Amino acid sequence: MSAILPFLRFLVITRRYMALLGVAVIVIFAVAALAAPLLFDWTTATRVNLGDALATPSLDLPLGADEMGRNMIARLVWGARTSLLVAGVSVGAALLAGLLIGGLCGYYDNRASFITMRAMDAIISFPRILLAIMLITILGPGMTSLTLAIAISSVPVFARLFRGPVLSLKSRDFVLASRSLGAGDMRLLFRHVLPNIASLVIVQGSISLAEAVLIASGLSFLGLGPQPPVPEWGAMIAQSRSHLMSTPHVVLAPGIALFLLVLSLNLVGDGLRDFTDPKSTRISPGAAP
Amino acid sequence: MLDYAIYRIAVLVPTLLAVSLAVFLVLHLVPGDPARNAAGPDAEEEDIALIREHYGLDQPLWRQYGTYLVRVAQGDLGESYRSRRPVLDELVRRLPATIELAGFAMLLAVIVGVGLGVTASMRPNSWVDQAIGAVSAFGISVPVFFLGLLLMLLFAAKLQWLPPSGRGGWANLILPVTTLGLPYIATFARVARSTMLEVLSEDYIRTARAKGLRGGAVIWRHALINAAIPLVTLLGIYFGRLLGGAVIVETIFSWPGLGRYMVDGIIQRDLQVVQGCILFFATAIIAVNLVVDLLYSVLDPRIARG
């Protein structure tokens, strides 16, 4: 938390105004997602009211209504909750698992870790969206299987990212010094090695969130995510797409929300990387699904 | 080099076996009775029993896997529960459409993406660089299905320049290929820019400049060749991802390819189709990665030796 102000200051000094805007957008979406039940109750977001079908924006319905007459702004806010919940939980779980696998495989550099890392390589070469589709076929569509599918397909990314730094950190002087003072393996790994890759965790976490939001919405668009009436941006676009030509707002509103959230997460991720490693010229390949 | 190639091809066998086992298990991990799933919701008990026997579903799992392997090795991927057509025939019939879509999208991504990335790296932090950066930030952040619908709205519905969907002539290709390619244009532009910036700061580039070579010759002949190595590795990874993206793009544009076939299979719970598609995709991806790795070892002989 205490690192947020220096980060914002860094963005101002280096004139990364787009990233600053991204921080604002993420905050707005996060607040909306958390406060969704206070802003609009669940029935407002899901009640079918055919009298208002495809209503254009007005005072009562600031973003109009979809083809079932449901309040778009309420669905958008609840959709933010769905997207951020799925992305947050899946990236959080994958991060922990990846940290554990990558950390242990880097720390104990033996045959078992070699085999584990080859398995990670094999999973990573398979497109994530197909891996997720395979898992969802087994588990049946829904929010839980969507979250699980994204989490499992993200683990190898984190495991590979964390193994290298752990491998090089474990032979550094401060770790050796601690070992000579009698610290055990677990204490070395968790107290001395892992805190030193915290910045990597934050940067990759932000990029992975963007990726998770994109993949989750893509799978929901295909009908493999949360089932109706749960509001989800990708599913909203899929359900309303036949009205794109006549009343574009039913597709544009969730689409723009999705784009803004992913763009903001990517911009903040880039900003964070430059903040934590100013020398780096590397740019992440990006979050294309 | 030859040793490396032989090693890589030898590793293929266990990899393909592992993939086939994973794909085989998918069908059997799905909750419910596969025979009942195949028969449909309102089938008679006798029909279900018949199907169970017909597909060998009453055999132990390891024996079913054995028969499955033998069948797959003979090119039999089973038949669709719905249409009763062999899955392989359908895959072969639809393959050209997906290759056309993915191939042109990859070509577009490499040519435009690398071009933009190299251009951006020549004058870092100039307005050109920043404009290209903004375009690529857009490209990696816009969801493909939303982009596809937007392009369709603009070019097919409003301007009526291009057909909205289906496969046919060149005009039908433009929207789907652009939709599928744009995120990868952005990705290649970002990677090309950052690797070029690294390469351009190397000593041999300074040497090339010092001996009086023109800027263009330095960039294209000396720098890009060296920057090509990390880009070639990416080709393998992104080919797989592109196939994943094709699943969505084919759905939007009613493109009669493999991706749509698989999505239809999932929605109709036609597990033979899903299984066949995933096995096919996995094999294709493994093959492309093998070719890329071999290509890579030609470009950079240190790989094969290490």
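Note on naming: letters A, B, ... go to the chains in the order of the sequence lines (proteins, then strands), and numbering restarts at 1 for each one. All figures in this text were calculated on a predicted structure; none of them were measured in a lab.
With sequence neighbours excluded, the residues satisfying salt bridge (Lys or Arg N to Asp or Glu O under 4.0 Å) with A:R16 are A:D274.
With a 4.5 angstrom heavy-atom cutoff, A:L224 touches chain B only via side-chain atoms. The contact between B:F138 and chain A is made by backbone and side chain atoms together, counting heavy-atom distances below 4.5 Å. For A:L219, no part lies under 4.5 angstrom from a heavy atom of chain B.
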Cut-off 3.5 Å, no hydrogens considered: what does the side-chain donor-acceptor table look like for residues 148-161 of chain A, sequence neighbours left out?
from	atom 1	to	atom 2	distance (Å)
A:S153	OG	A:R128	NE	3.4
A:S153	OG	A:A149	O	3.1
A:S153	OG	A:I150	O	3.1
A:S154	OG	A:R128	NH2	2.8
A:S154	OG	A:I150	O	2.6
A:R160	NH1	A:D121	OD1	2.7

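Enclosure of atom CE in A:M143 by more than 12 non-hydrogen atoms of other residues, nucleotides or ligands within 6.0 angstrom is indicated. Atom CZ of B:R123 has 12 or fewer neighbouring heavy atoms from other residues, nucleotides or ligands inside a 6.0 Å radius.
Of the residues considered (A:I256, A:V213, A:L131), A:I256 shows the highest number of contacts with chain B, using heavy-atom pairs under 4.5 Å. Each of B:I266, B:V247, B:V19 has some count of heavy-atom pairs under 4.5 Å with chain A, and the biggest count is that of B:I266. By number of non-hydrogen pairs under 4.5 angstrom with chain A, the leading residue of B:G259, B:P143, B:A134 is B:P143. Ranking B:L149, B:T251, B:V263 against chain A, the residue ahead of the rest is B:L149, based on heavy-atom pairs under 4.5 Å. The choice from B:I252, B:L150, B:L243 that makes the most heavy-atom pairs within less than 4.5 Å of chain A is B:I252. Listed options A:L267, A:L252, A:L265 were ranked by heavy-atom pairs under 4.5 angstrom with chain B; first place goes to A:L252.
Rounded to the nearest 0.5 Å, atoms OG (B:S141) and CG (A:L260) are 9.5 Å apart. Atom CE of B:M262 and atom OG1 of A:T137 lie 7.5 Å apart (nearest 0.5 Å).
In this structure, B:F146 has its ring center no closer than 6.0 Å to that of A:F221.
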Do A:I129 and B:I248 pass the side chain to side chain contact (heavy atoms under 4.5 Å, CB included) test, and can you show the C-alpha distance, the side-chain angles, and the key distance before you say yes or no? CA-CA 10 Å; A:I129 201 153; B:I248 293 176; 3.7 Å; yes
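Using a 4.5 Å cut-off on side-chain heavy atoms (C-beta onward), B:R241 and A:L130 make no contact. Under the 4.5 Å side-chain criterion, counting only non-hydrogen atoms from C-beta, B:I140 is not in contact with A:L263.
Summarising the geometry of A:F259 relative to B:V142, their closest heavy-atom pair is CD1-CA, 3.7 Å, with the distance given to 0.1 Å.
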